[in-house]
Amino acid sequence: VQLQACGGGLVQAGGSLRLSCAGSGIIFRFSAVGWYRQAPGKQRELVATITVPGITNYADSVRGRFTISRDNAKNTVYLQMNSLKPEDTAVYYCNLAAQRNYWGQGTLVTVSS
């Protein structure tokens with residue numbers, strides 16, 4: 001399984017970004033997928049996950065600002081990030097949870113104050 005994330009960049013506080021992660025292989029549409037992030041000097045943390053039928057889970061810090069969604073026909077998971085804050089600055093990784101965890105290469109999101 002390969003996961004290719006894109007959509008990161010530099011944005012001002014209050015702005016929006018949309019991350020995408022395209023997965024290879026049919027396993028994508030039968031697995032929960034999600035986004036994690038790792039800020040400098042911090043551990044990787046969960047941002048949001050979505051199950052196959054579309055049940056979502058969010059970290060408290062992003063709930064109400066971020067929206068995770070998936071398009072199984074395109075093997076793609078999205079993260080719409082609104083009202084971004086400087087503390088959202090991190091490398092964002094997409095994840096596929098199957099018999100093991102698969103990770104994308106990460107995309108950097110920088111939010112300036």
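No option in Thr67, Leu46, Thr49 other than Thr67 meets the side-chain contact (heavy atoms from CB on, under 4.5 Å) test with Tyr58. Remark: of the listed residues Leu10, Thr110, Val109, Val109 is the sole one forming a side-chain contact (heavy atoms from CB on, under 4.5 Å) with Leu17. Among Val11, Leu19, Val47, the one residue that satisfies the side-chain contact (heavy atoms from CB on, under 4.5 Å) test with Met81 is Leu19.
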Working for side-chain contact (heavy atoms from CB on, under 4.5 Å), residues Ile50 and Ile55: CA-CA 5 Å; Ile50 184 167; Ile55 298 171; over 6 Å; no
Pair Val1-Phe28, side-chain contact (heavy atoms from CB on, under 4.5 Å): steps then yes or no: CA-CA 8 Å; Val1 176; Phe28 184 95; over 6 Å; no
Stepwise side-chain contact (heavy atoms from CB on, under 4.5 Å) check, Glu45 with Gln38: CA-CA 6 Å; Glu45 63 177 5; Gln38 187 166 17; over 6 Å; no
Val52 vs Arg29, side-chain contact (heavy atoms from CB on, under 4.5 Å): CA-CA, chis, key distance, verdict: CA-CA 7 Å; Val52 172; Arg29 61 194 66 182; over 6 Å; no
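A distance below 6.0 Å separates the ring centres of Tyr36 and Trp103.
At a threshold of 4.5 Å between non-hydrogen side-chain atoms, the residues Thr107 and Cys6 do not count as touching. Between Ser16 and Gln80, some side-chain heavy-atom pair lies under the 4.5 Å cut-off.
A donor-acceptor pair under 3.5 Å is formed between the side chain of Ser24 and the backbone N or O of Gln2.
Expressed to the nearest 0.5 Å, how far CG of Asn82 lies from CZ of Phe66 amounts to 8.5 Å.
The two residues Gly34 and Ile68 have their closest heavy-atom pair at CA-CD1, 3.9 Å.
Under the 4.5 Å side-chain heavy-atom criterion for Ile, Leu, Val, Met, Phe, Trp and Tyr, Trp35 and Tyr78 are members of distinct hydrophobic clusters.
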Donor-acceptor contacts under 3.5 Å from residues 88-101 side chains, at least two apart:
unit_1: Asp88; atom_1: OD1; unit_2: Arg37; atom_2: NH1; d: 2.9
unit_1: Asp88; atom_1: OD1; unit_2: Arg65; atom_2: NH2; d: 3.0
unit_1: Asp88; atom_1: OD2; unit_2: Arg65; atom_2: NH1; d: 2.8
unit_1: Asp88; atom_1: OD2; unit_2: Arg65; atom_2: NH2; d: 3.4
unit_1: Asp88; atom_1: OD2; unit_2: Lys85; atom_2: N; d: 2.8
unit_1: Thr89; atom_1: OG1; unit_2: Pro86; atom_2: O; d: 2.9
unit_1: Thr89; atom_1: OG1; unit_2: Val111; atom_2: N; d: 2.9
unit_1: Thr89; atom_1: OG1; unit_2: Val111; atom_2: O; d: 3.4
unit_1: Tyr92; atom_1: OH; unit_2: Arg37; atom_2: NH1; d: 2.9
unit_1: Tyr92; atom_1: OH; unit_2: Asp88; atom_2: O; d: 2.6
unit_1: Asn95; atom_1: ND2; unit_2: Asn101; atom_2: OD1; d: 3.2
unit_1: Asn95; atom_1: ND2; unit_2: Tyr102; atom_2: O; d: 3.4

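Cluster note: Phe30 groups with Ile26 through ILVMFWY side-chain heavy atoms spaced under 4.5 Å, whether in direct contact or through intervening members.
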